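Please find one structure pasted underneath; my questions will follow.
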Protein chains: 2
Amino acid sequence: MTDRREDGTSKDGRVARGEITRERVLDAAERCFAERGFDAISIRQIAREADVTLGVVGFHGGTKQELFLTVLKRRVETLNALRISRLSALKATERLTLETLIDAYVTPYLEIASRGDPQWRAYAQLVARIVSDERYYLEAGPLYDRVAAVYLDEMERLCPDAGRDQLAALLSLTVASMVSIVASGIRIAGLAQSEVPDSPLAYRDLLLDFCVGGVLRALEPKC
Amino acid sequence: MTDRREDGTSKDGRVARGEITRERVLDAAERCFAERGFDAISIRQIAREADVTLGVVGFHGGTKQELFLTVLKRRVETLNALRISRLSALKATERLTLETLIDAYVTPYLEIASRGDPQWRAYAQLVARIVSDERYYLEAGPLYDRVAAVYLDEMERLCPDAGRDQLAALLSLTVASMVSIVASGIRIAGLAQSEVPDSPLAYRDLLLDFCVGGVLRALEPKC
DNA sequence: GTCTATATGTAGATAGAC
DNA sequence: GTCTATCTACATATAGAC
């Protein structure tokens, strides 16, 4: 933003302008963190990406750590809500099985990762980084694990003879598989010598088969 | 980078002091990169960890990028050889199935990740970072994909009706699941409110069931 | 082979002008 | 609310003394 706005405009304009700038900073940070990771990105690069000056990022985002968490918190509730609402719908229709449960957890993520909105896609990529990196996970994990724990409770109800640690490991494997679809499309394409599909939704059925098949086989004697 | 090693193995066949220093630098870099990632670690920290001065790291490791690749290359052939030899053994005894194939790919990694040697454990953690991060993968991926492609060929032979892209995606999901066991033990323990097992081998059977079950279900109509 | 010293750049953070 | 200017610290990399 090189053009410098005159001060003394209407009062309602002032508030809105700050909010818009703030959004632009968060959007830029989201893209940068997603693409290169927390440590590889400087606040300066985020400022450049947002087309604001360095000071503006500090003003709206605080420290780099705070900015990172703010970026996550802005989105996490939406994803959590999608998962909770799908679960409620399942319970209402009484078609709750391990299969539909996994579908309810995985599909919202795949859908946001496949939306047209590049910010949501960036966010999905960012999530993929978080789960696989202990350092991010320590501060960001709790944002997600509240809902994961709810799903885990349902798994326990469906399969009471399995240990909770075993079910937790299977849910974690499911999550790892899920995010890998978004994060390692390049590897798949490289191995198959094919094209990278423009949407992770292309792998949806395959991913669900993989996760459901995996969970069922691991629980086979007990379920 | 200066070409090192004018070779000082003169005295009764003992390894040169430089070689020992070099190993210590690579070991320290391996631990640091594994624990915190390429971007979060400075060469200074590696030097401190190795108990040498900054210049020594530069002398033995070259630039940071070069050091990173050197760390990987030192180990990768061992892992690749284990996978190839397991595959050969399978083909010799003619017990090659999707199940045993996946076992042959996954087990060597789990075993090195579970060895007493902390350096091998660190390396396993480092591998987990590489597969899930596009930036590392671009330069390190080819080191691994040669062998992955061999396994993929075997999958194709076992299941000729599936597309190569589908098989590649399933192999990639298997790899993602495999490394997640090493990388996200904390998450599993947090969800289950249990202890982190001291060896990823504790999850071996569960992981194999998950991967095999996943691959079989995804290929079900075709195999 | 090892280490000191340093060149050169960039990092995160903020005080204060506008 | 925005941006300039700057502080302090640390980054990578290397030249040259020992």
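First the proteins, then the strands, lettered A, B, ... as listed; each starts at 1. Computed from a predicted model, the values in this text were never measured in an experiment.
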Check your understanding: Can you find a side chain N or O atom of B/T21 that sits less than 4.0 Å from OP1 or OP2 on C/dG1?
Key -> no
Review point. Heavy atoms under 4.0 Å, any strand shown: does A/I41 hit a base, just sugar-phosphate, or nothing?
Key: sugar-phosphate
Review point. Between C/dT14 atom C1' and A/E66 atom CD, what is the distance in whole Å?
Key: 13 Å
Exercise for review: Using only heavy-atom distances, determine whether the side chains of B/R204 and B/T107 contain a donor-acceptor pair under 3.5 Å.
Suggested key: yes
Practice item. Could you tell me whether a side-chain N or O of B/K73 sits under 3.5 Å from a main-chain N or O of B/F68, the two making a donor and an acceptor? Key: no
Practice item. Verify salt bridge (Lys or Arg N to Asp or Glu O under 4.0 Å) between B/R22 and B/D27, making sure each step is shown before the conclusion. Key: CA-CA 9 Å; B/R22 184 186 134 95; B/D27 283 353; over 6 Å; no
Review point. In whole Å, what is the span from the NE2 atom of B/H60 to the P atom of D/dA13?
Key: 17 Å
Exercise for review: Give the nucleotide from the list C/dA13, D/dA13, C/dT4 with an atom nearest to the side chain of A/L54.
Suggested key: C/dA13
Practice item. Could you work out which one of D/dA13, C/dA13, D/dT2 sits closest to the side chain of A/K64? Key: C/dA13
Revision key, fill the gap. Taking D/dC3, C/dT2, C/dG12 as options, the one with an atom nearest any side-chain atom of A/R44 is C/dG12
Check your understanding: With no hydrogens and no angle check, is any side-chain donor or acceptor of A/Y136 less than 3.5 Å from a backbone partner on A/F38?
Key -> yes
Practice item. Can you tell me the distance, in whole Å, between the CG atom of B/L67 and the P atom of D/dA13? Key: 10 Å
Review point. Nearest-Å distance, CZ (B/F59) to P (C/dT4)?
Key: 16 Å
Revision key, fill the gap. Rounded to whole Å, the CD1-C1' distance (B/I43 to C/dA11) equals 15 Å
Exercise for review: Ignoring the backbone of A/Q45, work out which of D/dT2, C/dG12, C/dA11 is nearest its side chain.
Suggested key: C/dA11
Exercise for review: Please state how far atom CZ in A/R48 lies from atom P in D/dC3, giving the value in whole angstrom units.
Suggested key: 16 Å
Review point. Distance check: side-chain N/O of B/S42 vs OP1/OP2 of D/dC10, anything under 4.0 Å?
Key: no
Between side-chain atoms of residues 109-116 of chain B and protein atoms elsewhere (two or more places apart, or another chain), which donor-acceptor pairs fall under 3.5 Å?
from, atom 1, to, atom 2, distance (Å)
B/Y109, OH, B/A124, O, 2.7
B/S114, OG, B/L110, O, 2.7
B/S114, OG, B/S199, OG, 3.2
B/S114, OG, B/L201, N, 3.3

Check your understanding: CG of B/D39 versus P of D/dC10: gap in Å, rounded?
Key -> 19 Å
Review point. Out of D/dT2, C/dG12, D/dA13, which nucleotide sits closest to the side chain of B/T63?
Key: D/dA13
